[in-house]
Undergrad: 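Can you keep this structure in mind? I'll have questions shortly.
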Amino acid sequence: MQLSKKDVLEQANKACKNTLMETLNIEITDFGDDFLVARMPVNSRVHQPDGVLHGGATVALAESVGSFASHIFMDTEKFFIRGIEITANHLKSVKEGFVYAKATFLHKGRTTQLLDIRVTDEADNLISICKLSTISLPKNK
């Protein structure tokens, strides 16, 4: 039986309980054949001391979304996914509202994957561009 999109999103968000994703209130909101989207509220919990979104929180959002995309689209019965490198270019600041991260694959290999993650605000302004490399490692049985 194939799960509905709603069921997949519910299960994905349930898997985030008691993790950094829950701490940052990251919510997976959409996915398709080659992308995954999540959002994170921008408030004092993720601010720098001067009241704007902390770059580290943005990178945590990006890595969470990219790793989750690899997890969803790879065979996790046989492999586990780990992030191995992330880069980020922060282009614009945000003080409040939500930021959205959309991860899309640039390369989906058997061993390594490369994802492009665009972080935008509610007005679709580009906030950060991130690249994430993940690796699929075989599970020992």
Side-chain angles (χ1 to χ4, degrees), residues 2-141:
Q2 189 170 357
L3 295 174
S4 70
K5 184 178 257 193
K6 179 183 176 209
D7 290 336
V8 171
L9 290 172
E10 282 179 8
Q11 285 186 8
N13 284 306
K14 186 176 180 181
C16 297
K17 296 291 183 200
N18 299 314
T19 68
L20 179 64
M21 291 178 71
E22 182 179 44
T23 300
L24 297 176
N25 292 313
I26 295 171
E27 176 187 13
I28 300 167
T29 59
D30 196 14
F31 70 93
D33 290 338
D34 66 346
F35 73 92
L36 184 99
V37 178
R39 72 179 190 167
M40 179 178 72
V42 179
N43 54 40
S44 61
R45 292 172 55 128
V46 295
H47 279 169
Q48 299 184 77
D50 67 349
V52 298
L53 177 61
H54 193 290
T58 306
V59 172
L61 169 64
E63 183 157 359
S64 296
V65 171
S67 292
F68 224 102
S70 287
H71 180 82
I72 286 176
F73 297 116
M74 303 303 290
D75 183 357
T76 55
E77 295 290 320
K78 297 178 183 174
F79 299 94
F80 62 91
I81 308 297
R82 295 293 183 263
I84 54 175
E85 182 177 23
I86 190 162
T87 63
N89 293 89
H90 305 299
L91 308 170
K92 187 174 173 75
S93 62
V94 179
K95 291 183 178 188
E96 59 186 8
F98 283 91
V99 286
Y100 297 84
K102 181 177 183 178
T104 56
F105 284 93
L106 298 172
H107 171 73
K108 195 190 298 186
R110 286 183 303 225
T111 304
T112 61
Q113 302 78 43
L114 178 62
L115 296 106
D116 178 65
I117 303 145
R118 304 283 169 138
V119 180
T120 58
D121 65 12
E122 293 174 298
D124 207 31
N125 294 306
L126 188 59
I127 304 303
S128 297
I129 298 172
C130 304
K131 297 276 190 278
L132 173 67
S133 299
T134 59
I135 189 166
S136 301
L137 299 170
K139 290 182 176 178
N140 295 331
K141 295 199 177 203

Undergrad: Please examine the side chains of N89 and S128, heavy atoms only from C-beta on, and report whether any two atoms are closer than 4.5 Å.
TA: no
Undergrad: Could you note down all residue pairs passing ring-ring contact (aromatic ring centres under 6.0 Å, His included) where residues 23-47 supplies at least one of them, sequence neighbours left out?
TA: none
Undergrad: List in chain and number order the residues that pass side chain to side chain donor-acceptor pair (under 3.5 Å) with S136, two or more places apart in sequence or in another chain; answer none if no residue qualifies.
TA: Q113
Undergrad: Which pairs pass salt bridge (charged side-chain N to carboxylate O under 4.0 Å, His left out) with one or both residues in residues 33-45, sequence neighbours excluded?
TA: E27-R39
Undergrad: Apply salt bridge (charged side-chain N to carboxylate O under 4.0 Å, His left out) to E63 and list each qualifying residue two or more places apart in sequence or on a separate chain.
TA: none
Undergrad: Is any side-chain heavy atom of M40 less than 4.5 Å from a side-chain heavy atom of N25?
TA: no
Undergrad: Using 0.5 Å steps for rounding, measure from the OG1 atom of T58 to the CD1 atom of I117.
TA: 12.0 Å
Undergrad: Go through the structure and list residues passing side-chain contact (heavy atoms from CB on, under 4.5 Å) with S133, not counting sequence neighbours.
TA: I84, E85, L114
Undergrad: Show which side-chain atoms of residues 91-106 pair as donor or acceptor with protein atoms under 3.5 Å away, not counting sequence neighbours.
TA:
none

Undergrad: Which residues pass the salt bridge (charged side-chain N to carboxylate O under 4.0 Å, His left out) test with E10, not counting sequence neighbours?
TA: K6
Undergrad: For I81 versus S70, what's the shortest heavy-atom pair and its separation?
TA: CG2-CB, 3.6 Å
Undergrad: For side chain to side chain contact (heavy atoms under 4.5 Å, CB included), just list the numbers for V65 and V37, CA-CA rounded to whole Å, side-chain angles, deciding distance to a tenth of an Å, and then say yes or no.
TA: CA-CA 7 Å; V65 171; V37 178; over 6 Å; no
Undergrad: On a heavy-atom basis, which atom in F80 and which in K139 lie closest, and how many Å separate them?
TA: CD2-CG, 3.9 Å
Undergrad: By ring-ring contact (aromatic ring centres under 6.0 Å, His included), which residues pair with H90, not counting sequence neighbours?
TA: none
Undergrad: Closest heavy-atom contact between L132 and S67?
TA: CD2-N, 3.5 Å
Undergrad: If you look at every heavy atom in V46 and P41, which pair is closest and at what distance?
TA: CG2-O, 3.5 Å
Undergrad: Who passes salt bridge (charged side-chain N to carboxylate O under 4.0 Å, His left out) against D30, sequence neighbours left out?
TA: K5
Undergrad: Mind listing the side-chain donor-acceptor pairs of residues 13-20 below 3.5 Å, one per line with the distance, residues two or more places apart or on another chain?
TA:
residue, atom, partner, partner atom, Å
N13, OD1, I28, N, 2.8
N13, ND2, L9, O, 3.0
N13, ND2, I28, O, 3.0
T19, OG1, C16, O, 2.5
T19, OG1, M21, N, 3.2

Undergrad: Does any non-hydrogen side-chain atom of I129 lie less than 4.5 Å from one of R118?
TA: yes
Undergrad: Tell me the salt bridge (charged side-chain N to carboxylate O under 4.0 Å, His left out) pairs involving residues 122-133, sequence neighbours left out?
TA: D116-K131
Undergrad: Could I get the full list of side chain to side chain donor-acceptor pair (under 3.5 Å) partners for T111, not counting sequence neighbours?
TA: none
